[in-house]
Number of protein chains: 2
Amino acid sequence: MALTDNQRAVLSFIQHYIAENDVSPKLQEIAEGIGIRSRGVAHRYVQALVDAGFLAIDRGRHRGIRLLKEHSHTPPHKDTMPLLGKIAAGSPIEAIPGEDEINLTDFFGKNNFAVRVQGDSMVDAGIYDGDIAIIEFRETANNGDIVVALIDEQEATLKRFKSTPHGRFIQLVPENRGMETMVYEASRVRIQGVLVGQLRKYT
Amino acid sequence: MALTDNQRAVLSFIQHYIAENDVSPKLQEIAEGIGIRSRGVAHRYVQALVDAGFLAIDRGRHRGIRLLKEHSHTPPHKDTMPLLGKIAAGSPIEAIPGEDEINLTDFFGKNNFAVRVQGDSMVDAGIYDGDIAIIEFRETANNGDIVVALIDEQEATLKRFKSTPHGRFIQLVPENRGMETMVYEASRVRIQGVLVGQLRKYT
DNA sequence: CATCATGTTCTCAATTTGTTCTCGTTAATG
DNA sequence: CATTAACGAGAACAAATTGAGAACATGATG
């Protein structure tokens with residue numbers, strides 16, 4: 001039996017909600033999630049999905065919806081990529097399972113976030129406009145690190161970090177011939193993270 | 001058995017409290033922690049968590065709650081990273097769950113593999129020795145693509161691809177002033193993949 | 001021991017949520 | 001036109017969940 005558009009929407013909403021929150025949504029939330037106001041209607045959809053075999057419910061229980069099959073549209077989402085040491089000469093490349101699978105957090109570490117780089121101030125370090133910078137949360141940096149620095153609690157910028165001998169001043173050095181080093185009192189600069197990697201995507 | 005919203009809140013509060021203070025909270029503190037006033041109610045939640053197997057209590061003892069399983073908030077293994085559009089000025093950066101989580105395969109695509117780049121032949125394209133190149137499996141390329149090419153079934157190399165007008169010859173162009181373009185008969189060159197992205201890790 | 005703080009058990013009431021209905025609207029179809 | 005299906009709103013009810021606080025038992029402490 002085929003599902004109606006709204007039934008599919010509800011199913012999808014529930015799947016995403018559970019993926020995100022580990023618990024099922026309430027009928028009220030489902031209703032809002034698909035843009036209606038009536039709990040009763042939401043219940044009707046859920047019941048239809050139960051009849052169709054996609055869901056089960058603990059009757060009466062709050063948040064009592066359970067997903068049944070991985071009927072879902074999610075093929076067991078693979079999040080890794082094989083890393084080949086050398087491109088095998090001769091034979092067509094084969095991904096040897098378990099060869100060495102890398103993923104984002106294994107490769108760069110855990111306590112990180114990503115930001116899209118805007119501007120050309122670091123081109124000479126190989127960091128281009130549009131690249132994604134991988135930043136580790138940290139509040140301190142060593143001389144020579146490339147950091148995300150917040151200036152006057154206002155402007156965030158990616159620059160190479162240098163501290164003057166007595167630590168009174170901080171230099172933020174662009175890697176771009178043609179741009180000039182900026183110098184601030186240490187109190188005006190707050191380090192938000194240190195560059196640990198970068199991504200680039202060619203389109 | 002599934003937990004109710006407040007039961008989860010209490011469990012989370014206890015976990016955090018213990019992580020912070022090394023001892024379990026008293027019922028009064030639990031109550032305040034989740035925004036209620038009644039010790040009795042707090043006790044009811046704790047008892048429910050005991051029944052569900054998350055906690056144990058030394059009956060009567062003050063601060064007598066113990067955590068059981070690492071049922072806790074151990075994320076199985078996170079493979080994504082938050083992508084921040086802009087670094088929020090002012091406040092410390094917070095990872096907003098679901099903000100925009102990227103992972104390797106989402107970002108670069110599916111049918112890919114990774115190779116460590118050896119040599120400096122592409123430095124002027126911003127591809128450095130030691131970078132990881134993300135390659136999409138393909139056997140054909142367009143002029144201007146950066147490809148992994150296998151020459152004489154022997155040597156694999158990363159270069160920019162150009163085909164001569166009639167397709168008889170293939171130029172493999174390094175992006176490095178000081179290195180020269182290589183030209184081969186088309187039959188000697190096999191494309192193994194096209195560069196779609198790259199990673200760099202700073203150590 | 002005396003006292004207080006804390007844990008435990010209980011009842012009562014309020015609120016939230018799930019469930020079942022009816023009603024009206026719209027669109028498609030014969 | 002009559003019929004049917006899908007849809008949305010919302011009322012009404014039952015049950016789950018929640019909150020307050022009294023009363024008592026027991027641990028902690030000087």
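- The closest donor-acceptor contact from the side chain of N176(B) to the backbone of V123(B) lies at 3.5 Å or more, if one exists at all.
- Across the protein-nucleic acid pair, I30(B) atom CD1 and dA5(C) atom P stand 19 Å apart, rounded to whole Å.
- Going from atom CG of L27(B) over to atom C1' of dG19(D) covers 15 Å, rounded to whole Å.
- Side chain of H43(A) to backbone of R39(A): no donor-acceptor contact under 3.5 angstrom is found.
- Between the side chains of E136(A) and N112(A), not a single donor N or O lies within less than 3.5 Å of an accepting N or O.
- Straight-line distance from the NZ atom of K26(A) to the C1' atom of dG18(C): 12 Å, rounded to whole Å.
- Residue I65(B) contributes atom CD1, which lies 13 Å from atom P of dT6(C) at whole-angstrom precision.
- Protein atom CG of L55(B) is 12 Å distant from nucleotide atom P of dT8(C), rounded to whole Å.
- Atom CG of D58(A) is separated from atom P of dT19(C) by 9 Å (rounded to the nearest Å).
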Revision key, fill the gap. A correct 5'-to-3' footprint of nucleotides 5-10 of chain D, with B, S and - meaning base, sugar-phosphate only and no protein heavy atom under 4.0 Å, is --BBBB
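- Computed from coordinates, the Q47(B) CD to dT8(C) P distance equals 8 Å when rounded to whole Å.
- Residue R61(B) places none of its side-chain N or O atoms closer than 4.0 Å to OP1 or OP2 of dA25(D).
- Between the side chains of D120(B) and Y128(B), no donor-acceptor pair of N or O atoms lies under 3.5 Å.
- Where H43(A) and P25(B) meet DNA chain C, the nucleotide closest to each residue was compared, and P25(B) sits on the side nearer the 5' end.
- Ion pairing between R160(B) and E175(B) holds under the 4.0 Å rule for side-chain N and carboxylate O.
- Aromatic rings from Y184(B) and F169(B) are positioned such that their centres are separated by 6.0 Å or more.
- R63(B) contributes a side-chain N or O that, together with a main-chain N or O of S24(B), makes up a donor-acceptor pair within less than 3.5 Å.
- Looking at which nucleotide of DNA chain C each of G60(B) and R59(A) is closest to, the 5′-most match is held by G60(B).
- The nearest whole Å value for the distance from the NE2 atom in H62(B) to the P atom in dT6(C) is 7 Å.
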